[in-house]
*Asks:* 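Please read through the structure below; I'll follow up with questions.
The chain is numbered in sequence order, starting from 1. Reckoned from all heavy atoms, side chains included, excluding hydrogens, waters and symmetry mates.
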Amino acid sequence: MNRWKKAAAAILSAGVVLILFLALQRLVEPKYAEDILEGNFTSEYYDDTTSHDVLFIGDCEVYENFDPIYLWKHFGITSYIRGNAQQLAWHSYYMLEDTLRYETPKAVIYNVQALTHAEPQREEYNRMALDGMKWSKTKFDAIQASMCKGEHMLDYIFPLLRYHQRILDLTKSDLTYYWHKRKVTHNGYYMRIDVLPVSESDVADPTWLLGDQEEETPEEDEQSSDESDDFIDDPWGDIEGADEEEEEITDDTNMPVLDDSKEGEPFGSYPLTYLEKIRSLCEEKGIQLILIKAPSLAPRWYPSDNDQVTAYAEKHGLPYINFYDLLEETGIDYETDTYDGGLHMNLSGADKLSACLGNRLAGQYGITDHRNDSKLAAAYEKKIAFYEEMKQAQQEELDKYGEIKNY
């Protein structure tokens with residue numbers, strides 16, 4: 001009898017220790033509710049209540065440039081963006097594989113900018129993309145494919161090992177969002193309604209695309225490319241409690257170079273391997289794969305980059321939509337349609353790109369208009385309400401502060 005009591009006590013003690021461990025782990029995990037919202041993007045997908053005919057995968061060039069709510073309102077197209085900051089080709093493949101555990105879209109749209117990055121880049125980008133993914137073999141494989149030098153699988157399995165130092169830097173949001181995460185996207189779309197014209201910004205040099213200025217020097221081109229990849233505040237120092245030996249970043253507008261794309265360089269074998277895996281998986285599942293290139297002014301999209309994508313698309317019979325060639329059709333104006341000087345579109349620009357893409361999805365690819373589906377329409381009424389609330393809240397911040405602070 002004593003033996004059973006001892007065993008029961010041991011099991012109870014182990015259970016208590018496990019509960020305390022998990023509770024502490026959740027407390028120190030980044031909540032991504034203040035400065036860095038991108039870390040919530042991946043997990044939000046699992047809370048969505050509708051299926052999607054169109055899936056976007058890629059980096060900021062999808063989640064900041066295309067608007068699923070616009071696609072619903074004007075075309076009845078159901079879509080979702082599974083994108084993250086600096087989401088590289090292997091991240092996107094596993095986002096697709098993960099999505100297919102829950103649904104099978106009719107079309108997958110992949111933005112090709114990340115093909116210029118030949119290898120894993122930075123731990124924080126891996127974390128923002130992968131921490132929110134539900135555990136499965138897909139997540140395990142995604143972590144293995146993405147880890148940078150010095151990263152360890154155990155730190156992903158038990159985030160407390162990586163984030164324990166945050167216990168000294170907890171904020172009110174760690175308690176506010178302990179049980180639930182702050183919802184920040186609209187079917188994966190990151191909304192910004194403010195405007196920063198390219199003419200008033202120096203983060204991107206537009207002459208390679210728009211002309212009208214003196215030819216830039218190679219040094220100027222390299223600088224504009226260096227400063228353009230998925231700007232975020234330093235999440236390790238400010239939010240995630242970086243170790244002291246981690247690289248310190250003091251100027252948020254000058255992030256270290258991630259993987260500068262140089263003219264004439266072929267894409268690396270690693271991203272091309274995952275592009276082929278994306279294509280093969282879509283083919284296996286009967287999904288139409290569509291390659292796109294959003295019209296961001298930086299990093300520069302070289303003719304050699306475009307030629308490589310064009311050749312791949314022609315070889316495999318895939319559509320490739322290069323939005324740089326469609327500036328007149330879309331009506332994109334880099335003085336009014338960007339919130340950061342040409343790197344990403346604001347709401348106005350995203351809706352112009354979405355209108356152009358929606359016409360093609362409905363006309364050329366036969367994506368169904370679901371607006372007569374009462375169940376879907378009811379679900380999208382709630383989505384639209386949240387969308388309009390955020391738009392109004394951003395406008396109120398602009399009116400009050402002259403800038404957007406909380407989005």
*Asks:* Does the side chain of Thr49 come under 3.5 Å of the side chain of Lys382 through a donor N or O and an acceptor N or O?
*Replies:*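 Result is no, nothing qualifies.
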*Asks:* Taking Ser92 for its side chain and Ala89 for its backbone only, find out whether a donor-acceptor pair lies under 3.5 Å.
*Replies:*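 No: the side chain of Ser92 does not pair with the backbone of Ala89.
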*Asks:* Indicate yes or no for a side-chain donor-acceptor contact from Gln308 to the backbone of Phe267 under 3.5 Å, with no hydrogens or angles considered.
*Replies:*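 Checking the backbone N and O of Phe267 against the side chain of Gln308, a donor-acceptor pair under 3.5 Å is found.
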*Asks:* Would you say the ring centroid of Phe66 lies under 6.0 angstrom from that of Phe323?
*Replies:*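 So the answer is yes for these two rings.
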*Asks:* When you compare the side chains of Gln392 and Glu396, does any donor N or O come within less than 3.5 Å of an acceptor on the partner?
*Replies:*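 Yes, a side-chain donor-acceptor pair sits under 3.5 Å.
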*Asks:* I want to check something: taking the side chain as every heavy atom from C-beta on, are Pro271 and Leu88 in contact at a cut-off of under 4.5 Å?
*Replies:*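 A side-chain contact under 4.5 Å is absent here.
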*Asks:* Side chains of Asp98 and Thr42, heavy atoms from C-beta outward: is any pair under 4.5 Å?
*Replies:*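 No, too far: nothing below the 4.5 Å cut-off.
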*Asks:* Can you tell which of Arg26, Arg182, Arg166 makes a salt bridge (Lys or Arg N to Asp or Glu O under 4.0 Å) with Asp174?
*Replies:*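 Among the candidates, only Arg166 passes.
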*Asks:* If we ignore hydrogens and angles and just use 3.5 Å, is the side chain of Tyr80 paired with the main-chain N or O of Tyr45 as donor and acceptor?
*Replies:*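 It does hold such a pair.
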*Asks:* Are His91 and Tyr94, when compared by the centres of their aromatic rings, separated by less than 6.0 Å?
*Replies:*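 No, the ring centres sit 6.0 Å or more apart.
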*Asks:* Are any side-chain N or O atoms of Glu335 and backbone N or O atoms of Ser199, one a donor and one an acceptor, separated by less than 3.5 Å?
*Replies:*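 It does hold such a pair.
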*Asks:* Look at the rings of Tyr190 and Phe41 and say which category their plane angle falls in: under 30° parallel, 30 to 60° tilted, over 60° perpendicular.
*Replies:*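 It falls in the tilted class, 30° to 60°.
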*Asks:* So, applying side-chain contact (heavy atoms from CB on, under 4.5 Å) with Tyr110, which one of Leu115, Leu96, Leu55 is it?
*Replies:*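 Of all the options given, the one that passes is Leu115.
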*Asks:* Got His52 and Pro105 here, is their nearest side-chain heavy-atom distance under 4.5 Å?
*Replies:*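 No, too far: nothing below the 4.5 Å cut-off.
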*Asks:* Within the 4.5 Å heavy-atom criterion, are Asp369 and Phe75 side-chain neighbours or not?
*Replies:*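 They are not in side-chain contact.
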*Asks:* Please name the residue in the list Ile109, Val108, Leu275, Ile278 that meets the side-chain contact (heavy atoms from CB on, under 4.5 Å) test with Leu291.
*Replies:*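 Between Leu291 and the candidates, side-chain contact (heavy atoms from CB on, under 4.5 Å) is satisfied uniquely by Leu275.
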*Asks:* Do Asp53 and His370 have side chains that approach each other closer than 4.5 Å (heavy atoms only, starting at C-beta)?
*Replies:*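 Sidechains of His370 and Asp53: in contact.
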*Asks:* Just checking, is any N or O donor in the side chain of Tyr380 or Asn187 under 3.5 Å from an acceptor N or O on the other one?
*Replies:*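 Their side chains do contain a donor-acceptor pair, which is all the 3.5 Å distance test asks for.
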*Asks:* Give a yes or no on this: more than 12 heavy atoms of other residues, nucleotides or ligands lie within 6.0 Å of atom CD of Glu328.
*Replies:*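 Count not over threshold, so no.
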*Asks:* Can you label the angle between the His186 ring and the Tyr189 ring as parallel, tilted or perpendicular, going by 30° and 60°?
*Replies:*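 Taking Tyr189 first and then His186, their aromatic rings sit tilted (interplane angle of 30° to 60°).
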*Asks:* Does the side chain of Glu151 pick up a donor-acceptor pair with the side chain of Asn126 at under 3.5 Å?
*Replies:*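 Yes, a side-chain donor-acceptor pair sits under 3.5 Å.
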